[in-house]
Amino acid sequence: MEWLPYIHDALEYIEGNLLTVNSPKEVASRLNISEPVLQKGFQGITGYNVMEYIRYRRLYEASLEMTCSDIKVTDAAYKYGYDS
């Protein structure tokens, strides 16, 4: 299986929907592949499973926003999907 086009499309979907994507199953269904296949290829290419990647990207974006604006930590946490 040629992984790069699938992983590229997965990353594109995740980045375009970073605040709303909820699960690897959602990403896999958008790509018309199974979740285990997506997870295997994604981890093999990026070194992260899909949810780790999403969490790290949200955390990074939250940290950028907090350093570049006056947003409160709690507001950034809720915006980027963290409960605490």
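Computed from a prediction, not measured in an experiment: that's the story for all the values here.
By the rule that hydrophobic residues join a cluster once side-chain heavy atoms approach within less than 4.5 Å of another member, Val27 and Met51 end up as members of one cluster. Placement of Tyr78 and Val73 in two distinct hydrophobic clusters is found when ILVMFWY residues are connected by side-chain heavy-atom separations under 4.5 Å, directly or transitively. Ile71 and Leu19 fall into different hydrophobic clusters, where Ile, Leu, Val, Met, Phe, Trp and Tyr are joined by side-chain heavy atoms under 4.5 Å apart, directly or via other members. Under a hydrophobic-cluster definition in which Ile, Leu, Val, Met, Phe, Trp and Tyr are linked whenever side-chain heavy atoms come within less than 4.5 Å, directly or via other members, Leu64 and Tyr56 are assigned to different clusters.
Atoms OH and CG, on Tyr6 and Asn32 in that order, are 8.5 Å from each other to the nearest 0.5 Å. A distance of 12.5 Å separates NE2 in His8 from CD1 in Ile45, rounded to the nearest 0.5 Å. Here the CD atom belonging to Glu52 is positioned 8.5 Å from the OG1 atom belonging to Thr46, to the nearest 0.5 angstrom. Note that the CD1 atom of Ile14 and the CZ atom of Arg30 stand 12.0 Å from one another [nearest 0.5 Å]. Atom OG of Ser29 sits about 9.5 Å away from atom CD of Glu35, to the nearest 0.5 Å.
Distance alone, capped at 3.5 Å, places no donor-acceptor pair between the Tyr82 side chain and the Ala76 backbone.
Contact annotation: the side chain of Ile54 never approaches that of Tyr48 to less than 4.5 Å [non-hydrogen atoms, C-beta and beyond].
Sorted by first and then second residue, the pairs that involve residues 64-76 and meet side chain to side chain donor-acceptor pair (under 3.5 Å), not counting sequence neighbours, are Glu65-Lys79, Glu65-Tyr80. Annotation: ring pair (Phe, Tyr, Trp, His ring centres under 6.0 Å) contacts involving residues 24-47, sequence neighbours excluded, comprise Phe42-Tyr53.
Between Gln43 and Asn49 the shortest heavy-atom distance is OE1-CB, 3.8 Å. Closest heavy-atom contact between Leu18 and Arg58: O-NE, 2.8 Å. The shortest non-hydrogen separation linking Gly41 to Ile7 is C-CD1, 3.5 Å. Summarising the geometry of Leu38 relative to Pro24, their closest heavy-atom pair is CD2-O, 3.7 Å, with the distance given to 0.1 Å.
For Gln39, the side-chain hydrogen bond (donor to acceptor under 3.5 Å, both in side chains) criterion is met by no residue, not counting sequence neighbours.
Of the charged side-chain nitrogens involved, at least one lies within less than 4.0 Å of a carboxylate oxygen, so that Glu61 and Arg57 count as a salt-bridged pair.
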